[in-house]
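Down below is the structure, laid out as structure tokens.
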Amino acid sequence: VSPVAVASSRIGSASTRNMGTTVISTRCTTMWAQNRCLASSAMTLLTENTNSAIATWDGSTLKLWKSPEQNDVTPSAIYFDRRGRYVGKRAYDLVPQDRSKSATLFKRLMGTTTPVNISGQDPVTPEWCSAEILKTLFGYLPEEVRAQVQGTVITVPAAFNQMQKDATLQAAEMAGI
């Protein structure tokens, strides 16, 4: 899916990394309604430090896609145990069992060389963790919707600096977006 743009989620912010798409950097509905360049099928991934969501725009209708648990937002959490890897709500619910087997605050480390250490696993990068969340969100879309997406906007916390925004683009590439 391309092009991809990263936009700060602060309303009215002009802080945008343009990747071939003009982006008005605001919250989801306003972003789509005001963005003349995304008149065709597009997707937004709303990523904050603790939760993320996915929405699509088909030129006239904005749709927020729910997780399999029917939640509008998905916790940015990853958890490993002997049964495998969990991402999202299930991972978030398992964190109290053993914090050392989880990654939850990795988005604050985006754009740094600080590894994310998860017990029993090789250290991973914050970008890898973010890519896992993006892949999970993208997986919420039905196949026919995924095939129609022509562009993507990924919002990030307003406090993100340029290195963190660049790391978010790298995570999108790692996720295949």
Side-chain angles (χ1 to χ4, degrees), residues 1-57 61-67 71-78 87-89 91-92 95 102-116 124-141 149-177:
V1 175
S2 70
V4 175
V6 173
S8 175
S9 62
R10 182 185 307 135
I11 301 223
S13 171
S15 176
T16 316
R17 171 100 190 261
N18 190 331
M19 298 295 290
T21 303
T22 302
V23 176
I24 295 175
S25 177
T26 60
R27 290 273 181 208
C28 185
T29 53
T30 308
M31 186 182 335
W32 294 122
Q34 293 178 356
N35 195 333
R36 296 179 310 276
C37 292
L38 290 179
S40 58
S41 184
M43 167 181 68
T44 190
L45 295 154
L46 305 158
T47 64
E48 296 296 326
N49 281 325
T50 55
N51 291 296
S52 299
I54 187 167
T56 54
W57 172 254
T61 306
L62 177 73
K63 177 165 177 144
L64 181 65
W65 294 88
K66 293 185 179 286
S67 69
N71 295 317
D72 290 336
V73 296
T74 296
S76 297
I78 300 171
V87 178
K89 177 80 166 89
Y92 180 79
V95 168
S102 67
T104 55
L105 299 175
F106 52 85
K107 289 189 182 174
R108 297 171 186 197
L109 303 173
M110 297 285 287
T112 71
T113 58
T114 306
V116 176
V124 295
T125 64
E127 293 79 13
W128 180 87
C129 293
S130 187
E132 291 300 305
I133 300 299
L134 294 175
K135 281 193 264 187
T136 299
L137 291 171
F138 195 61
Y140 296 167
L141 297 178
V149 172
Q150 297 175 2
T152 304
V153 175
I154 302 174
T155 67
V156 295
F160 265 28
N161 61 34
Q162 192 61 48
M163 286 176 35
Q164 290 168 307
K165 291 176 187 179
D166 291 344
T168 301
L169 284 174
Q170 181 184 0
E173 281 183 22
M174 293 169 70
I177 298 174

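For the numbers below, each heavy atom of this structure counts, side chains included, while hydrogens, waters and symmetry mates do not.
The two residues Val116 and Thr125 make their nearest non-hydrogen contact at CG2-C, 4.2 Å. Counting all heavy atoms, side chain and backbone alike, Asn51 lies closest to Pro75 at OD1-CA, 3.3 Å. Listed here is the closest heavy atom pair of Pro126 and Met110: O-SD, 3.5 Å. Closest approach of Cys129 to Ala103, counting heavy atoms only: SG-CB, 4.2 Å.
Expressed to the nearest 0.5 Å, how far CG of Leu105 lies from OG1 of Thr50 amounts to 8.5 Å.
In summary, the side chains of Asp166 and Gln162 do present a donor paired with an acceptor at a separation below 3.5 Å, with no hydrogens or angles considered.
Partners of Ser76 according to the side-chain hydrogen bond (donor to acceptor under 3.5 Å, both in side chains) rule, which considers only residues two or more places apart in sequence or in another chain, are Ser52, Lys107. For Glu127, the side-chain hydrogen bond (donor to acceptor under 3.5 Å, both in side chains) test picks out no residue, with sequence neighbours left out. Residues satisfying the side-chain hydrogen bond (donor to acceptor under 3.5 Å, both in side chains) test with Trp128, not counting sequence neighbours, are none. With sequence neighbours left out, the side chain to side chain contact (heavy atoms under 4.5 Å, CB included) criterion links Thr112 to Leu109, Thr114. Scored by the salt bridge (charged side-chain N to carboxylate O under 4.0 Å, His left out) test, Lys63 finds no partners at all (sequence neighbours excluded). Qualifying side-chain hydrogen bond (donor to acceptor under 3.5 Å, both in side chains) partners for Asp72, counting only residues two or more places apart in sequence or in other chains: Lys66.
You'll find the side chain of Gln164 stays beyond 4.5 Å of the side chain of Val156, heavy atoms only. Here the side chains of Ser67 and Lys89 are not in contact, with every heavy-atom distance at 4.5 Å or above.
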Side-chain polar contacts of residues 131-141 - donor-acceptor pairs under 3.5 angstrom, sequence neighbours left out - could you list them?
{"unit_1": "Glu132", "atom_1": "OE1", "unit_2": "Arg85", "atom_2": "NH1", "d": "3.4"}
{"unit_1": "Glu132", "atom_1": "OE1", "unit_2": "Arg85", "atom_2": "NH2", "d": "3.2"}
{"unit_1": "Glu132", "atom_1": "OE2", "unit_2": "Lys135", "atom_2": "NZ", "d": "2.9"}
{"unit_1": "Thr136", "atom_1": "OG1", "unit_2": "Glu132", "atom_2": "O", "d": "2.9"}
{"unit_1": "Tyr140", "atom_1": "OH", "unit_2": "Thr74", "atom_2": "OG1", "d": "2.8"}

